[in-house]
Amino acid sequence: YADLPCELHSWRQMAEYSPEMRQFACILHLYHIKAYDYLRKIFPLPHPYSLTKQVFIHSVTAAGFSNNIFLRLQEKVEREQAYRYCALMVQDMSLQKQQEWDPQTRRLTGFVDLGAGVLDADEAPLASEAIILMAVGISSPWTAPLGYFFVNSTTGHLLAQLLRQTINKLNNIGITVLAVTSGATAHGAETARALGIRIDPERIQCTFQHPPGSAHSITYFFDICHALQLIRNALQCFQKIEWLSDTVQWQYVVELASLQEQRVLEPCSPKSGQPGSKESYHLKVNLATLLFSEAVADALEHLQKLGLASFQNCSGTVKFVRLMSRLCDVFHGRGPYRRGLKGPLIGGNYTKISHLFNEAKCFFITLTDSMGRHIIKSKRKLGFMSFLLNAESLKWLYTNYVCPEGTPSHYLLTYAFSLDPLEMFLRALQQACGGSGSPTCTVFQAAYHKLLANCSLALGSAYSGGSGNTSSLDISLSGRRDLTLGSIRAQYNPAHGRTLSTEYLYCAGLLLHGSTLSNALTDLSLHAQSITCTAGFIAEQLASDLQCEACLASLFELDESRLRCGSVLYIKKLGRVSLPSASVYRITYISEQVLNRYGNVGDGNKAAKVWHLSLEQKVFQELLEGSPLFPPLTKHLFDGELCVSNHYTILVKQITRCYLNIRTNHAKHLNLKYHRGRHRLKKLKGKHLFTSPLGSCQSSQTHMRS
């Protein structure tokens, strides 16, 4: 290729630029705006506005802004008010550095591409990251992936320039950007400062002007999930944090997460009909509970009242956890149907939220470590500063875009200021790439444009991003998986979480079904106990993987008098097996009936996917005719989108599928074991004894349900 021309007249008409000239102008402007402005004084380089309008638009298969998405958004803006205002978010995704030959374009791929053409040369750098940009509606649910760029190193200044270019393009089609969101990372903080945001506890500047020097201000947010992880790290590193007369101690959280299952004897209630006797419960920690939640605060208080030595004097930790929980509720307003702090930001709850922000600010600026040094000025300050910056940004948006008369919106969905909508799109993108590792540029482009072809910009299709049945609630829970009690237990007690052995199925009574002897049995109480044990086994299996606190608690039969114990559950047991909730038992019972009616578990040829799906369908048909399942989850349904595929239906499907898999995969093995005579079943009056290879199932009273 020829060198760049030095003649001034060659740079006057941008339409006559060669690809090399376009790349030079584009890259210089993105990587160093001051150098670009200086060179414009010597060469007649195009105005940055012209670069935005003509250079950064990609074709169907190249990097850059998606011209098709912008055209569709422009049509939406002209027809509907809901598309006029949005939040803008940015996130990077790692790529595998690799050169590949594209037979269609007959060129090498895998190089850096900023929307002005691939840098195809022997000395050109290979791309190691993709930067993805997305627009999200702030008062109405819609999302739009705007484009991507291949870079070999991400910097805050580069991200700031890409954000400004994106804001320009959105302004050109009539969309006003009110907020920008990035991760609470080193790159995110550098991006914020490059835009003009001040992250200083004594003087926070939560807005920047765009264009620079204009009257239009844009707020800046850090992702709340990232901020929570930083605060968790700070608390873990300092171990103790002082706050006026109280102390926040990390050890209390560790003790709660590591609390082993314990047996508790309680006097029977008068309703049980056995006055004077005692009921046995087992204290169990709900490991799906989020660290900074009301449930953890309630659990710490409850254990302190029980007199456990490990939880005495934990009131300071309870206050801190409870404050963080309320702040999280504010920044996870996912829909207009929720109430209180979890609802949208409206005039009715702004005063309460404003008071909470003031309380949090007073709390954060007075936190000190054991040496008396302020946390807000330490190297672990970014998490706390992120919350303070987000609070100022939210108050600014309410004051300027919700409160005044004639403003564009009467409420704000605070969920739009997190990275969850973009994370949902990235998860779908990762699945489309076909693996868990970093994709190459070619694989990334093919997956991205496949999702883009199915992308809907319609209202109400928010945050789907082509991710199928995954909801915004699931993405939020998945992103906060490192913030659960289960993650803390795994960190401090990696060998503590036991898995249930396959031999444990003998204890659950599964050997009774499908064997010659069991078909001759007519003892219905024995059959009911077998179903109960099996349902309890399934509840334990699902509980080890569930990320939702409410769904996990709904799997077990709980002590109704102890429902205010937060993450501490009081469950009943039958021998070694945890007693399932009535809903889990009913699903298991119906599944067994369907299986006996429509299939022979001993026929391995029928254990195919299609056959399983037909059995699941028949189970659902039977369940629809009965009473509603999981009454405690009624309010929980409003935590996510109002759709058919929610936590309620997913839970029913998982229980059914787990039971059918157990019955079809292990029935033949169990029959062989039984026929060889290695296990014998004895029936005692009023009691039943299940012998197993482990010898751990004890006799217990028959547990029946209808």
Side-chain angles (χ1 to χ4, degrees), residues 86-92 131-136 138 154-160 162-163 166-167 177-201 203-208 217-235 291-292 323-324 326-333 345 353 356-357 360-361 363-365 367 375-398 412-423 426 475-476 479-480 482-483:
C86 77
L88 182 62
M89 51 194 63
V90 60
Q91 181 76 302
D92 59 83
I131 298 174
I132 301 97
L133 294 147
M134 174 175 279
V136 180
I138 62 171
T154 302
T155 66
H157 289 278
L158 174 61
L159 292 177
L162 285 175
L163 286 168
T166 309
I167 296 170
V177 177
L178 299 183
V180 167
T181 302
S182 73
T185 60
H187 288 157
E190 185 184 6
T191 303
R193 294 188 182 98
L195 289 171
I197 302 298
R198 183 190 296 271
I199 312 173
D200 187 340
R203 187 183 174 188
I204 294 179
Q205 175 65 39
C206 67
T207 62
F208 64 95
S217 296
I218 300 174
T219 57
Y220 200 93
F221 288 85
F222 285 118
D223 181 60
I224 287 298
C225 182
H226 291 173
L228 288 173
Q229 290 174 342
L230 294 178
I231 292 177
R232 175 198 186 277
N233 294 343
L235 185 56
L291 167 59
F292 300 113
L323 174 64
M324 295 304 303
R326 293 161 62 198
L327 288 173
C328 292
D329 288 344
V330 172
F331 289 105
H332 282 99
L345 179 60
I353 291 176
L356 175 63
F357 287 164
K361 184 175 183 179
F363 189 99
F364 290 164
I365 63 177
L367 289 175
I375 304 296
I376 206 72
K377 296 182 179 179
S378 70
K379 62 182 180 181
R380 302 291 179 188
K381 66 180 180 180
L382 183 57
F384 299 97
M385 288 304 307
S386 297
F387 270 94
L388 296 182
L389 177 68
N390 289 4
E392 293 297 322
S393 294
L394 202 58
K395 290 193 293 186
W396 189 93
L397 284 174
Y398 176 84
L412 295 175
L413 299 176
T414 55
Y415 179 75
F417 307 123
S418 73
L419 287 179
D420 286 356
L422 183 51
E423 290 285 356
L426 293 181
I475 293 296
S476 179
R480 292 182 287 174
D482 293 336
L483 296 168

Is the centre of the Phe331 ring less than 6.0 Å from the centre of the Phe357 ring? yes
For the pair Leu413 and Ile138, evaluate side chain to side chain contact (heavy atoms under 4.5 Å, CB included) and give the outcome as yes or no after the intermediate values. CA-CA 6 Å; Leu413 299 176; Ile138 62 171; over 6 Å; no
To the nearest 0.5 Å, what is the distance between CG (Leu327) and CG (Leu356)? 4.5 Å
Measure the shortest side-chain to side-chain distance between Cys86 and Val136 over non-hydrogen atoms and say whether it is less than 4.5 angstrom. no
Hey, what do you get for CD1 (Ile167) to CG (Leu88), rounding to the nearest 0.5 Å? 6.0 Å
Reported OG1-to-CG distance for the pair Thr207 and Leu389, which is rounded to 0.5 angstrom: 10.0 Å
With Thr154, which residues qualify under side chain to side chain donor-acceptor pair (under 3.5 Å), at least two apart? Glu129
Non-neighbouring partners of Arg326 that pass salt bridge (Lys or Arg N to Asp or Glu O under 4.0 Å), sequence neighbours left out: Glu359
List the atom of Met324, the atom of Phe364, and the distance in Å for their closest heavy-atom pair. SD-CZ, 3.8 Å
Any side-chain heavy atom of Ile218 sitting closer than 4.5 Å to one from Val180? yes
Taking the side chain as every heavy atom from C-beta outward, state whether Ile204 and Ile199 have any atom pair closer than 4.5 Å. no
Who pairs with Phe221 by ring pair (Phe, Tyr, Trp, His ring centres under 6.0 Å), at least two apart in sequence or on another chain? Phe417
Derivation of the side chain to side chain contact (heavy atoms under 4.5 Å, CB included) call for Ile376 and Leu388: CA-CA 11 Å; Ile376 206 72; Leu388 296 182; 4.2 Å; yes
What do the steps show when you test Ile132 against Val90 for side chain to side chain contact (heavy atoms under 4.5 Å, CB included), and what is the final call? CA-CA 6 Å; Ile132 301 97; Val90 60; over 6 Å; no
Please identify each residue that fulfils side-chain contact (heavy atoms from CB on, under 4.5 Å) with Ala184, with sequence neighbours left out. Phe222, His226, Leu230, Ser386
Under 4.5 Å between any side-chain heavy atoms of Leu394 and Thr219, yes or no? no
Heavy-atom check, side chain of Tyr415 versus side chain of Pro421, under 4.5 Å: yes
If you round to the nearest 0.5 Å, how far is CD of Gln91 from OG1 of Thr181? 11.0 Å
Side chain to side chain donor-acceptor pair (under 3.5 Å) partners for Ser182, two or more places apart: Tyr220
For a 4.5 angstrom cut-off between non-hydrogen side-chain atoms, does Phe387 reach Ile224? yes
The criterion is side chain to side chain donor-acceptor pair (under 3.5 Å); which residues satisfy it with Ser378, sequence neighbours excluded? none
Could you grab the distance from atom CD1 of Ile375 to atom CG of Leu367, nearest 0.5 Å is fine? 6.5 Å
Using a 4.5 Å cut-off on heavy atoms from C-beta on, say whether the side chain of Met89 contacts that of Leu133. no
Taking only residues at least two apart or on different chains, which pairs with a member in residues 379-395 satisfy salt bridge (charged side-chain N to carboxylate O under 4.0 Å, His left out)? Glu392-Lys395
Nearest 0.5 Å, please: how far is CG in Leu291 from CG in Leu235? 7.5 Å
If I compare all heavy atoms of Leu178 with all of Leu397, which pair ends up nearest, and what's the gap? O-CD2, 3.8 Å
Can I get a per-line list of side-chain donor-acceptor pairs under 3.5 Å for residues 189-198, giving both atom names and the distance, sequence neighbours left out?
unit_1 : atom_1 : unit_2 : atom_2 : d
Glu190 : OE1    : Gly156 : N      : 3.0
Thr191 : OG1    : His187 : O      : 2.7

Can you list the residues that meet the ring pair (Phe, Tyr, Trp, His ring centres under 6.0 Å) rule with Phe363, with sequence neighbours excluded? Trp243, Phe320
Is there a side-chain contact between Thr414 and His332 in this structure, where contact means two heavy atoms from C-beta onward sitting under 4.5 Å apart? no
